[in-house]
Amino acid sequence: MQKGNDCKDCSKRGGVTVKIPKSHPRAKSLEERHRLQLGIEKGIVTPTGMIAHGRGEAFDYLLGERTTPEAKKQIEAAAAKLLLARKPVITVNGNTTALCASGIAELAKELGAQVEVNLFYRTEKRARLIQKEFRKFGINALGADPKKFKKAPGLGGSKRKLMDSDGTWEADAVLVMLEDGDRTETLERMGKFIIAIDLNPMSRTSRKAGITIVDNVTRAVPLLEKAANRLKKSNKKGLSVIINNFKNKDLLHKSEMWIRRGMVK
Ligand code: ATP
């Protein structure tokens, strides 16, 4: 869960006291919903973001709301790839900002990566609000300056095509979260290596990415930061071995088996 002090006003919302006891069996899940609600109130999250989160929650429930052994391998490979990248970029949207901006900021610092705002329902105001949120954690997020935009080919009229000329446009590896398949495919076609965090191992993004982490962003992001910190001590050869031994399809299949059968077979 996000550190920082964004939830100081959580005790009273609309005259209703919201206090989630730590002992509540769904405490984490309820806290996440509450963070998204705050994100909506701040203008960072869109109502449809809630629906996307709901889809993720259902998969997370079936995964047992824990990081599976497969996800740990996916996280290790992702950290190795991001450390080897010439220019890694982490793209963020409203949900990921509301759920774990501070964790993403820590990860970006650990990797020396840039953070870039990319929105499905983009307004300049929303982009700037997200940028402001990251500033609280010492990150100057890209993707909010229209003068620096280049356009990704093949994304039609969607504003997701906007790429910061100093960010994703130049990147060789891009970490995406709660992403949609079209943009993942487009970035891949542009020669970028895509690392995705997505609770649905069957989504187009999960299948198109080079490395997919099937886990909740709220758990995966801090674990990715820890893995990057640990693997920083390895040399390039050691990192390449991790990536060469990594089999995305195989691990995606196993992640799907956890969801479908509650076991890996
Ligand atoms: P695709 O276009 O890749 O097939 P989609 O249309 O299902 O994907 P969206 O609705 O655009 O995707 O994005 C939401 C995706 O993010 C879903 O796959 C959902 O499971 C996942 N998701 C939602 N919340 C989280 C979360 N907290 N952590 C990780 N993944 C999440």
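Residue numbers run from 1 in the order of the sequence given. Read the numbers this way: they start at 1 and go in the same order the structure lists the ligands and their atoms.
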Can you tell me if NZ on Lys148 sees more than 12 non-hydrogen neighbours from other groups inside 6.0 Å?
yes

Just wondering, more than 12 heavy atoms not from Lys232 lying within 6.0 Å of its NZ?
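Result for NZ/Lys232: enclosed.
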
Salt-bridge criterion met for Lys109 and Glu225 (N-O under 4.0 Å)
no

Regarding Arg219 and Asp60, does a basic nitrogen lie under 4.0 Å from an acidic carboxylate oxygen?
yes

I need the nearest protein heavy-atom contact for [atom]: residue, atom name and distance, please.
atom	value
atom 14 (C) of ligand 1	Ala52 CB, 4.0 Å
atom 30 (N) of ligand 1	Leu199 N, 3.1 Å
atom 17 (C) of ligand 1	Asp198 OD1, 3.7 Å
atom 27 (N) of ligand 1	Asn216 OD1, 2.9 Å
atom 6 (O) of ligand 1	Arg55 NH1, 3.6 Å
atom 4 (O) of ligand 1	Arg204 N, 2.9 Å

Polar contacts were defined as any N/O atom of the residue lying under 3.5 Å from an N/O atom of the ligand; does this apply to [X] and ligand 1?
X	value
Val217	yes
Asp180	no
Asp182	no
Gly181	yes
Leu99	no
Ser206	no

Interatomic spacing from [atom1] in [X] to [atom2] in [Y] - rounded to 0.5 Å:
X	Y	atom1	atom2	answer
Leu175	Thr168	CG	OG1	12.5 Å
Cys100	Ile104	SG	CD1	4.0 Å
Ile130	Arg128	CD1	CZ	12.0 Å

If you apply the rule side chain to side chain contact (heavy atoms under 4.5 Å, CB included), what do you find for Trp258 with Arg66, and how did you get there?
CA-CA 11 Å; Trp258 278 120; Arg66 53 155 192 152; 3.2 Å; yes

Using heavy-atom distances only, which candidate in Ile197, Asn93, Leu178 approaches atom 31 (C) of ligand 1 most closely?
Leu178

Pick from Ser29, Ser203, Cys100: the one approaching atom 8 (O) of ligand 1 most closely through a non-hydrogen atom:
Ser203

Backbone N or O of [Y] within a donor-acceptor pair of the [X] side chain at under 3.5 Å?
X	Y	value
Arg183	Lys161	no
Glu256	Pro201	no
Lys87	Gly167	no
Thr205	Thr184	no

With heavy atoms of [X] as the reference, note each atom of ligand 1 found under 4.0 Å away.
X	result
Asp215	28 (N), 29 (C)
Asn200	18 (O), 20 (O)
Thr205	3 (O)
Phe59	20 (O)
Gly56	19 (C), 20 (O), 22 (N), 23 (C), 24 (N)

Below 4.0 Å, non-hydrogen atoms only: which portion of Phe120 touches ligand 1? Side chain, backbone, both or neither.
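Within the 4.0 Å criterion, Phe120 makes no contact with ligand 1.
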
Any Glu179 heavy atom less than 4.0 Å from ligand 1
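For ligand 1, residue contact (heavy atoms, under 4.0 Å) with Glu179 is present.
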
Write down the atom of Asn95, the atom of Gly49, and the distance for their closest heavy-atom approach.
ND2-O, 2.9 Å

